[in-house]
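Written out below as structure tokens is the structure these notes cover.
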Amino acid sequence: MGNPVKTMAQQGIADLSKACRNAVYVMKTRGPSQIQFWFIALAIGICAGGVAVLFRLGVEALQTTVYGTDSIRFLHSFAAGLDWYQILLIPICGGLAVGLILDRFTDDGRVRSVADVIEGAALSEGRVEVRRGLASAVASMITLSTGGSSGREGPVVHLAAVVSTCICRWIRANGITGRDLLGCAVAAAVSASFNAPIAGALFALEVVLRHFAVHAFAPIVVASAAGTVINRLVFGDVTEFVLPVQNALAFYVELPAFLILGLVCGLVAVALMKSIFWADDFGSRLQEKVGLPRFLRPAIAGALLGCLAIWWPHIIGVGYETTSAALTGELMLYEAIVFVILKIIAVAITMGGRMGGGVFSPSLMVGALTGLAFGIIATAIFPTVSGEGTLYALAGMGAVAAAVLGAPISTTLIVFELTGDWQTGLAVMVAVSLSTALASQLVDRSFFLTQLERRNVHLAAGPQAYLLATFKVANIMRETGSEGAALDEACWDLMRDGIYIDGNATLEQAMPLFEQGGHAFIPVVTLGGEDSPPELWGALFQVDALKEMNKALSATAAEEHS
């Protein structure tokens, strides 16, 4: 006779296993319940936080191999002691490795980053490209380890989105769930990368999801907290920057100076963004004109960076050492101005050369230097009503970063969390608000949305613009011979006048035709070759298109206000 305790234990394990399988089946077929969703959010937060920490450790390990030091903060001081040919060759080799990876694993040689995550949230039910995303993460890791002048927030955000995409595919998440889980992953990655749990959660809502729906807030906060815990278990509870003195406004009459600083920082942020776009366009034109192989473009960018770094190693990497020097007032006026110009050039070369990385850390450095230069001048002109010059560096850091990201709320908070200085919020908020307002008028709201606009993805204009691209004409048209379809003769009359649309087109191409011609319907065709006449499929009625758009807008509004 068998042991009854052992038999009961085996039966219990079998029942538990069956229950787990049933739960997974129900979750995959019907979607997760609220309680399951919270546990999934926690799991994603842990995974995304772990991925962000591993990415940072990977950068440090690879940097140790090529430069001989694992210190990201003091990289430029260490690099200054290397031989000139080492400073030159390391970025070239890194650029060549990046070019080969992107040429092999992407179809356009472009690194995936935050803009692609925003696009995935809006148009792909919270999904991003997995294979290209992993290749981009490796490429960005190499870039940051070999002297590329960019930041790590872009790669970790997309890498976290890859994690959430894999989980969404496994549980077959719908659009709302997929977007919420994407927000959880992004929040955890930002929190783990910068030890900034509040800013991480708000970054996901403000930049990626672009709404503050109540149903998304709680799980995103849970994931953000999980990412922060992962960071603190590995790196401890420390801030990225340490301020030696307590900043304070001397008098409230000093606030107008921060208004002016905000406008200056807005213009500097626009200069940074425009220079990146100009460099990217110039590189593409040059590559096409001379027939340059795609994989060599990052290597050439690396050569240009290496040449700059021989004389100014401050441009290497994320620039935390120079940023800290600006925040503590250790730089002279001419140094701050020169480093701003050099950093903008270096970032433009890195991003325009398709080397990889993000723009947040560079914008922090440019902002801190801009604020310091402004503060030195302001305190010299009005010494009796001015506080510390370093306060301007702190406000400038937030102002430029907020204008670049188009995220005044989360950027203001991340500046506080990076520095631990919560006493100067008034000055930072004033500068951030003015810089963001000005820059948003000169670009399409932010660096990321402008990137998408340049790819003809119109997210900056709102859902009424970008949702049109999600509807295929063939899915809405009334087929020939069906109930309520247009008469064939009427369709052919319009086609002879050149009024028709391809069935593979979207409402983005169809709606302007309705507005221009005032027609009730447009023939939908299959376009053949040059000698083949178009084949009539059916007709797209304007009323049907408007009904589908109304449903989509209603669903979007319901999600954003739930």
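We're numbering straight along the sequence, starting at 1.
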- Task: Determine, step by step, whether Ser140 and Phe55 satisfy the side chain to side chain contact (heavy atoms under 4.5 Å, CB included) criterion, reporting the C-alpha distance in whole Å, the side-chain angles of both residues, the deciding distance to 0.1 Å, and the verdict.
- Result: CA-CA 10 Å; Ser140 294; Phe55 182 87; 4.3 Å; yes
- Query: Which class fits the ring pair Phe360 and Phe194: parallel under 30°, tilted 30 to 60°, perpendicular over 60°?
  - Reply: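 Plane angle over 60°, so perpendicular.
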If you compare all heavy atoms of [X] against all heavy atoms of [Y], which two are closest, and at what distance to 0.1 Å?
X: Thr411; Y: Gly398; value: CG2-O, 3.5 Å
X: Ala395; Y: Ala427; value: CB-O, 4.1 Å
X: Ser435; Y: Ala403; value: O-CB, 3.8 Å
X: Gly154; Y: Ser113; value: CA-OG, 3.4 Å
X: Glu453; Y: Asp444; value: CG-OD2, 3.4 Å
X: Cys265; Y: Ala399; value: CB-CB, 3.6 Å

Polar side-chain atom of [X] near backbone of [Y] as donor-acceptor pair, under 3.5 Å:
X: Thr106; Y: Gly109; answer: yes
X: Arg210; Y: Leu459; answer: yes
X: Ser361; Y: Gly151; answer: no
X: Arg112; Y: Arg110; answer: yes
X: Arg294; Y: Asp103; answer: yes
X: Ser224; Y: Pro197; answer: yes
X: Ser446; Y: Gly406; answer: no

Quiz question: by atom type and distance under 3.5 Å, do the side chains of [X] and [Y] form a donor-acceptor pair?
X: Ser193; Y: Arg152; value: yes
X: Ser150; Y: Thr350; value: no
X: Ser284; Y: Arg297; value: yes

- Item | Trace of the salt bridge (Lys or Arg N to Asp or Glu O under 4.0 Å) decision for Asp116 with Arg132 | CA-CA 11 Å; Asp116 301 277; Arg132 296 178 181 89; over 6 Å; no
Within this structure, what is the [atom1]-[atom2] distance for the pair [X] and [Y], rounded to the nearest 0.5 Å?
X: Ile310; Y: Ile87; atom1: CD1; atom2: CD1; result: 6.5 Å
X: Ser433; Y: Ile409; atom1: OG; atom2: CD1; result: 11.5 Å
X: Ser149; Y: Ile315; atom1: OG; atom2: CD1; result: 6.0 Å
X: Gln86; Y: Cys93; atom1: CD; atom2: SG; result: 11.0 Å
X: Thr146; Y: Leu62; atom1: OG1; atom2: CG; result: 7.0 Å
X: Leu181; Y: Arg127; atom1: CG; atom2: CZ; result: 9.0 Å

Compare all side-chain heavy atoms of [X] with those of [Y] and state whether any distance is below 4.5 angstrom.
X: Ile377; Y: Leu333; answer: yes
X: Ile376; Y: Met332; answer: no
X: Glu206; Y: Pro408; answer: yes
X: Thr390; Y: Leu394; answer: no
X: Val359; Y: Leu272; answer: no
X: Leu438; Y: Val270; answer: no
X: Phe203; Y: Ile414; answer: no
X: Asn231; Y: Ser191; answer: no

- Taking it one step at a time, do Val186 and Ile220 satisfy side chain to side chain contact (heavy atoms under 4.5 Å, CB included)? CA-CA 9 Å; Val186 169; Ile220 285 176; over 6 Å; no
- Task: From the options Leu372, Val400, Val366, Ile345, select the one residue that forms a side-chain contact (heavy atoms from CB on, under 4.5 Å) with Val340.
- Result: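 Looking at Leu372, Val400, Val366, Ile345, the match for Val340 under the side-chain contact (heavy atoms from CB on, under 4.5 Å) is Val366.
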- Message: The test is salt bridge (Lys or Arg N to Asp or Glu O under 4.0 Å); show your working for Asp108 and Arg455 and say whether it passes.
- Response: CA-CA 12 Å; Asp108 53 7; Arg455 302 177 205 161; over 6 Å; no
- Item | Worked verdict on Phe339 versus Thr323 for side chain to side chain contact (heavy atoms under 4.5 Å, CB included) | CA-CA 10 Å; Phe339 290 160; Thr323 305; over 6 Å; no
- Task: Determine whether more than 12 heavy atoms belonging to other residues, nucleotides or ligands lie under 6.0 Å from atom CZ of Phe212.
- Result: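 Buried by this count: over 12 neighbours within 6.0 Å.
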- For atom CZ of Arg445, decide whether the heavy atoms of other residues, nucleotides or ligands shown that lie under 6.0 angstrom number more than 12.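 Not buried by this count: 12 neighbours or fewer within 6.0 Å.
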- Task: Just do the ring-ring contact (aromatic ring centres under 6.0 Å, His included) check on Tyr466 and His458 with the steps written out, would you?
- Result: CA-CA 5 Å; Tyr466 69 75; His458 310 300; 10.0 Å; no
- Query: Does the distance from a Lys or Arg side-chain N to an Asp or Glu carboxylate O, for Asp280 and Lys274, drop under 4.0 Å?
  - Reply: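 Not counted as a salt bridge, because no side-chain N and carboxylate O are separated by less than 4.0 Å.
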- Do Arg56 and Glu60 meet the salt-bridge criterion of a basic N to acidic O distance under 4.0 Å?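 Here Glu60 pairs with Arg56 in a salt bridge, since their nearest N and O are under 4.0 Å apart.
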- Tell me whether the guanidinium CZ or amine NZ of Arg104 lies under 6.0 angstrom from the six-membered ring centre of Phe295 and within 45° of its axis.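 No, Arg104 does not sit over the ring of Phe295.
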- Item | Worked verdict on Phe258 versus Leu434 for side chain to side chain contact (heavy atoms under 4.5 Å, CB included) | CA-CA 9 Å; Phe258 289 95; Leu434 266 292; over 6 Å; no
